[in-house]
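Taking it in order: structure first as C-alpha cells, then the write-up.
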Amino acid sequence: MVKIDVWQAVLRILDSYLEVNNHRKTPERYTILKAIYKTEGHFTLDELSERLIRDYKFRVSRATLYNTMKLFLQLRLVVKHRFQDITVYEASYDNMSHSHQICTVCGKVTEVKTPKISDAIDETHLRRFRKDGYTLYIYGVCSTCQAKLTKMRNKELKRKQTTDKK
C-alpha cells in the first residue's frame with residue numbers, strides 16, 4: 001500500500017513537471033505511476049505491463065511504457081537497476097539510498113540495511129556535487145546456493161573416492 005503523503009508528493013512532482021513543460025496529463029502516465037508505487041520491490045517492464053492489464057484493466061503500448069519510464073527516471077520517481085542479465089526498476093521517492101545483495105549463482109536480489117555505509121556516505125563531503133542518494137551492489141553466493149554447491153562438491157568427492165579405491 002502506498003503511503004498517502006508519499007503518493008501526494010509523487011503526484012505533485014509529476015503534475016508540476018507536466019504543467020511547467022506543457023505536457024499532457026494523460027491517464028497512461030498516472031496509471032503507470034500508480035501501478036509502480038503499489039508494487040513492492042523490483043519489477044521488470046514486462047511485469048509492470050502484466051500488472052497494468054491484470055489489476056487496472058489498462059493496456060499500454062510498449063513504446064508508451066518505455067517513454068513513461070524514461071520520464072519517471074528523469075524525475076527520479078523511479079530508479080533503474082541492472083542485475084546480472086536483467087534490468088529492473090523500483091519506486092524511488094522515499095528509497096533513494098539502499099544496498100542490494102546479489103547471488104551470482106541464482107541471481108536472487110535482496111535489499112539489505114547498511115546503516116554504517118549510509119552514515120559514511122552522508123558524512124562524506126564532495127566538492128561541487130550534491131548527493132541525492134546511492135545504490136550499493138554486493139555480489140556473492142546466497143546460502144541456498146552455497147548449500148547446493150557444498151552438496152554437489154561432497155557428492156563429487158565421494159564419487160571420486162569410490163572410483164580411486166577400485
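When a residue number appears, it is its place in the shown sequence, counting from 1.
Within a 6.0 Å sphere centred on CZ of R82, other residues, nucleotides and ligands contribute more than 12 heavy atoms. Within 6.0 Å of CZ in R24 there are 12 or fewer heavy atoms belonging to other residues, nucleotides or ligands.
A donor-acceptor pair under 3.5 Å links the side-chain atoms of Y37 to the main chain of Y93, judged by distance alone. In this structure, E123 contributes its side chain and A120 its backbone to no donor-acceptor pair below 3.5 Å. Counting only distance, with no hydrogens or angles, the side chain of T104 and the backbone of Y139 share no donor-acceptor pair below 3.5 Å. The main-chain N or O of V60 is never found under 3.5 Å from a side-chain atom of T64 such that the two would form a donor-acceptor pair. No donor-acceptor distance shorter than 3.5 angstrom exists from the side chain of T114 to the backbone of S99, with no hydrogens or angles considered.
Here the closest heavy-atom approach between residue T87 and residue T44 is recorded as O-CG2, 3.9 Å. Minimum interatomic distance between L52 and A35 (heavy atoms only, all atoms of both residues): CD2-CB, 3.7 Å.
By the side chain to side chain contact (heavy atoms under 4.5 Å, CB included) test, K131 pairs with I121, T124, L126, F129, sequence neighbours left out. Residues that satisfy the side-chain hydrogen bond (donor to acceptor under 3.5 Å, both in side chains) test with H81, not counting sequence neighbours, are E90, Y137. With sequence neighbours left out, the side chain to side chain contact (heavy atoms under 4.5 Å, CB included) criterion links Y66 to L45, R62. Remark: D55 pairs with R51 by the side-chain hydrogen bond (donor to acceptor under 3.5 Å, both in side chains) rule, at least two apart or across chains. For T110, the side chain to side chain contact (heavy atoms under 4.5 Å, CB included) test picks out Q101, K108, with sequence neighbours left out.
Ring to ring, F83 and H100 are close: their centroids are under 6.0 angstrom apart.
The list of side-chain hydrogen bond (donor to acceptor under 3.5 Å, both in side chains) pairs with a residue in residues 9-22, not counting sequence neighbours, reads D15-Y30, E19-K25.
With no hydrogens or angles considered, no side-chain donor-acceptor pair links T68 and R29 at under 3.5 Å.
A salt bridge does not link R153 with E156: none of the charged nitrogens is closer than 4.0 Å to a carboxylate oxygen.
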